[in-house]
2 protein chains.
Amino acid sequence: MSTDHATELHHPVRDELQLGEVLHALSDPVRLQIVQVLDRADGEVACGQFPLPVGKSTASHHFKVLREAGVVHERHEGTRRLHALRIDDLDARFPGLLATVLRAAAR
Amino acid sequence: MSTDHATELHHPVRDELQLGEVLHALSDPVRLQIVQVLDRADGEVACGQFPLPVGKSTASHHFKVLREAGVVHERHEGTRRLHALRIDDLDARFPGLLATVLRAAAR
DNA sequence: GGAATAGTTCGACGATCGTCGAACGTTGGG
DNA sequence: CCCAACGTTCGACGATCGTCGAACTATTCC
């Protein structure tokens with residue numbers, strides 16, 4: 001059986017996205033790294049897929065920050081949590097912001 | 001008499017600018033407000049010119065953060081400190097970043 | 001020289017942050 | 001049913017943050 005658990009995690013809706021929160025979420029090196037991987041993956045990635053330099057509890061914390069800032073969407077699938085960038089919503093609120101940051105981070 | 005005091009304050013050079021520091025500097029509402037005023041002013045503005053919701057010591061602190069992140073340039077003129085956005089340097093390191101953030105903040 | 005102007009520096013404070021490890025769910029497979 | 005896999009939650013910790021007021025510095029003007 002599989003119920004939809006995606007709505008159980010509070011994701012802010014598009015209009016609630018705050019620039020300050022997004023910038024703060026992106027200002028941490030670990031979280032920026034996560035966002036970069038997510039961008040390259042161009043799809044959904046599980047937490048374990050990331051070669052992060054921190055323990056799992058810390059990683060879990062960072063994913064929560066990204067989710068609550070509205071940067072990523074999180075979905076439950078079995079024991080894994082799949083994450084994806086909310087590019088559409090971010091681009092609607094802050095056009096070009098994520099792309100610009102990713103390009104800046106890539107160099 | 002007037003010596004050049006501009007070099008006494010440590011401004012990071014263009015190549016030293018760190019994306020994380022810049023994003024963190026811009027993630028604070030007061031600092032974002034300063035940057036917005038600076039952008040609209042299109043030139044140099046003294047600290048006192050800003051209608052900030054904080055005391056002068058706090059304002060001084062925020063200007064320091066912006067300066068050390070490389071977002072603004074500070075220059076001494078008499079008793080005043082004149083500030084200006086380092087758009088050229090920022091655009092060289094992180095093309096379009098400041099403009100995108102400012103456009104996002106404007107809405 | 002003295003007063004006024006414009007900011008900085010210096011603790012201090014409570015709040016938030018990033019990190020960890022241990023314990024706790026939850027799901028899927030033998 | 002039990003165990004392994006995958007993450008979350010829960011303190012706890014030291015570090016950083018944003019804020020303030022008081023004292024200080026530097027410059028200008030009378």
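Predicted, not measured: the structure shown is a model, and the values here were computed from it.
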Inset, instruction - Give a yes/no answer on whether the side chain of B/S57 brings an N or O atom under 4.0 Å of OP1 or OP2 in D/dC20. - result: no
Inset, instruction - Identify which nucleotide among D/dG7, D/dC20, D/dG18 has an atom closest to any side-chain atom of B/V54, counting heavy atoms from C-beta outward. - result: D/dC20
Legend entry - Nucleotide of C/dT8, D/dT19, C/dC17 approaching B/S60 most closely (side-chain heavy atoms): C/dT8
Inset, instruction - Compare the minimum distances between each of D/dC6, D/dA22, D/dG18 and the side chain of B/D28, then state the nucleotide with the smallest one. - result: D/dG18
Inset, instruction - Tell me what B/A59 touches on the nucleic acid: a base, only sugar-phosphate, or nothing, going by heavy atoms under 4.0 Å. - result: nothing
Inset, instruction - Classify the nucleic acid contact of B/H61 as base, sugar-phosphate or nothing, counting any heavy atom under 4.0 Å across all strands shown. - result: base
Legend entry - Selection from D/dT8, C/dT5, D/dT19 that lies nearest to any side-chain heavy atom of A/E74: D/dT8
Legend entry - Residue-phosphate contact under 4.0 Å: B/R81 side-chain N/O, D/dA26 OP1/OP2: no
Legend entry - Nucleotide nearest B/H24 (side chain, heavy atoms from C-beta), chosen from C/dG7, D/dG18, D/dT9: D/dG18
Inset, instruction - Assess whether side-chain hydrogen bond (donor to acceptor under 3.5 Å, both in side chains) is satisfied between A/H62 and A/R31, documenting all intermediate values. - result: CA-CA 6 Å; A/H62 285 308; A/R31 289 192 291 262; 3.1 Å; yes
Legend entry - Under-4.0 Å side-chain N/O to phosphate OP1/OP2 contact, B/R80 with D/dA26: no
Legend entry - Minimum side-chain heavy-atom gap A/V101-A/L32 below 4.5 Å: yes
Legend entry - Test item: B/P53 and B/Q33 side chains (from C-beta on) under 4.5 Å apart, heavy atoms: yes
Inset, instruction - Remember a base hit wins even if backbone is also touched, and classify B/H83 as base, sugar-phosphate or nothing at under 4.0 Å, heavy atoms. - result: nothing
Legend entry - Minimum-distance nucleotide (side-chain atoms of A/T79 versus D/dC10, C/dT8, C/dG28): C/dG28
Inset, instruction - Using salt bridge (charged side-chain N to carboxylate O under 4.0 Å, His left out) as the criterion, list what pairs up with B/R67, not counting sequence neighbours. - result: B/E74
Inset, instruction - Kindly state which residues belonging to residues 35-45 of chain B come within less than 4.0 angstrom of DNA chain D, counting heavy atoms of the residue only, listed by number. - result: none
Legend entry - Minimum-distance nucleotide (side-chain atoms of A/H62 versus C/dG18, D/dC20, D/dT8): C/dG18
Inset, instruction - Nearest-nucleotide wise, let me know which of A/G55 and A/G78 is further upstream toward the 5' end of DNA chain C. - result: A/G55
